[in-house]
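Here is the structure we will look at.
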Amino acid sequence: MRLIVFFDLPVKTRRDKRHYAEFRRFLLRDGYYPIQFSVYGRACGGLDRTEMHLARLKAHLPPKGSVRCMVVTEKQYASIEVLLGQQKPEEKQCAYEQLTF
């Protein structure tokens with residue numbers, strides 16, 4: 001399973017920028033990888049792990065903005081197509097992670 005996080009956070013004030021940076025750092029520390037700007041994802045080893053990471057995410061939500069989550073299976077995630085541009089190295093690395101599970 002993959003947990004995909006989409007967020008739109010304000011960055012107009014210094015405080016908002018700090019909250020944005022703290023949230024982004026939390027995502028990276030917690031094992032999320034950037035899929036594209038403001039979209040991060042991580043692999044979860046099952047429904048229990050997904051719920052655990054959702055609870056962690058809720059505990060670190062910034063005070064303003066919008067954060068949305070979506071849980072997809074590995075098969076659904078593998079069917080994502082990059083329609084413009086070239087695949088990033090992180091995407092190729094993600095495909096490798098799927099083989100290790």
Side-chain angles (χ1 to χ4, degrees):
M1 294 192 137
R2 298 275 173 157
L3 181 59
I4 311 293
V5 178
F6 311 86
F7 58 91
D8 185 18
L9 303 178
V11 289
K12 289 183 179 176
T13 66
R14 192 175 196 153
R15 177 177 280 180
D16 290 343
K17 288 178 186 176
R18 185 169 50 92
H19 290 303
Y20 171 87
E22 288 173 357
F23 184 67
R24 187 177 174 279
R25 275 195 301 268
F26 161 74
L27 291 175
L28 295 173
R29 274 193 321 261
D30 205 37
Y32 290 84
Y33 54 88
I35 297 172
Q36 66 182 52
F37 191 72
S38 298
V39 180
Y40 285 66
R42 72 160 288 136
C44 298
L47 197 55
D48 291 341
R49 288 282 190 176
T50 303
E51 290 174 3
M52 180 188 78
H53 286 292
L54 273 173
R56 266 193 219 175
L57 195 62
K58 288 176 184 174
H60 289 86
L61 285 176
K64 295 180 182 175
S66 173
V67 179
R68 299 172 195 272
C69 299
M70 182 170 65
V71 178
V72 296
T73 63
E74 290 297 322
K75 187 175 180 180
Q76 290 168 329
Y77 186 79
S79 68
I80 292 175
E81 291 185 33
V82 179
L83 299 178
L84 295 173
Q86 298 177 342
Q87 280 191 336
K88 295 179 180 177
E90 297 91 17
E91 294 175 40
K92 292 177 184 173
Q93 184 181 11
C94 294
Y96 180 73
E97 284 181 28
Q98 291 175 0
L99 296 174
T100 57
F101 289 126

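As the structure is a computational prediction, the values presented were derived from the model and not from experiment.
- Neither L83 nor I80 shares a network with the other; the hydrophobic side chains, linked directly or stepwise wherever heavy atoms of I, L, V, M, F, W or Y lie under 4.5 Å apart, form separate groups for each.
- Between L28 and R24 there is a side-chain heavy-atom pair separated by less than 4.5 Å.
- Note on M52 and V5: separate hydrophobic clusters, where clusters join Ile, Leu, Val, Met, Phe, Trp and Tyr whose side-chain heavy atoms are under 4.5 Å apart, directly or indirectly.
- Residues E22 and P62 are not in side-chain contact: their nearest non-hydrogen atoms beyond the backbone lie 4.5 Å or more apart.
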* Asked: So I4 and V39, side-chain contact (heavy atoms from CB on, under 4.5 Å) or not? Walk me through it.
  -> CA-CA 7 Å; I4 311 293; V39 180; 3.9 Å; yes
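- R56 is linked by a salt bridge (charged side-chain N to carboxylate O under 4.0 Å, His left out) to D30, counting only residues two or more places apart in sequence or in another chain.
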* Asked: Could you go step by step and tell me if R14 and R18 meet the side-chain contact (heavy atoms from CB on, under 4.5 Å) rule?
  -> CA-CA 6 Å; R14 192 175 196 153; R18 185 169 50 92; over 6 Å; no
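- Take S79 and apply the side-chain hydrogen bond (donor to acceptor under 3.5 Å, both in side chains) test, not counting sequence neighbours, and it matches no residue.
- Considering only heavy atoms from C-beta on, R2 stays 4.5 Å or farther from R42 through its side chain.
- The distance from the NZ atom of K58 to the CG atom of L54 is 6.0 Å, given to the nearest 0.5 Å.
- Going from atom CG of D8 over to atom OH of Y20 covers 10.0 Å, rounded to the nearest 0.5 Å.
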Identify every side-chain donor-acceptor pair in residues 64-72 under 3.5 Å, counting partners at least two apart or on other chains, and give the distances.
none

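- Across A43 and Y33, no two heavy atoms sit closer than the pair N-CE2, 4.4 Å.
- By the 4.5 Å heavy-atom criterion applied to side chains, L3 and Y40 are not counted as neighbours.
- Listed by chain and number, the residues in a ring-ring contact (aromatic ring centres under 6.0 Å, His included) with F6 amount to none (sequence neighbours excluded).
- Partners of Y32 according to the ring-ring contact (aromatic ring centres under 6.0 Å, His included) rule, which considers only residues two or more places apart in sequence or in another chain, do not exist here.
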* Asked: Checking side-chain contact (heavy atoms from CB on, under 4.5 Å) for the pair F23/L9: CA distance, chi angles, key distance, verdict?
  -> CA-CA 10 Å; F23 184 67; L9 303 178; 3.8 Å; yes
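- Looking at every heavy atom in both residues, F26 comes nearest to L57 through CE2-CD1, 3.7 Å.
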Side-chain donor-acceptor pairs under 3.5 Å in residues 44-51, sequence neighbours left out?
unit_1	atom_1	unit_2	atom_2	d
T50	OG1	G46	O	2.8

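- Minimum heavy-atom separation, D16 to V11: CB-CA, 4.0 Å.
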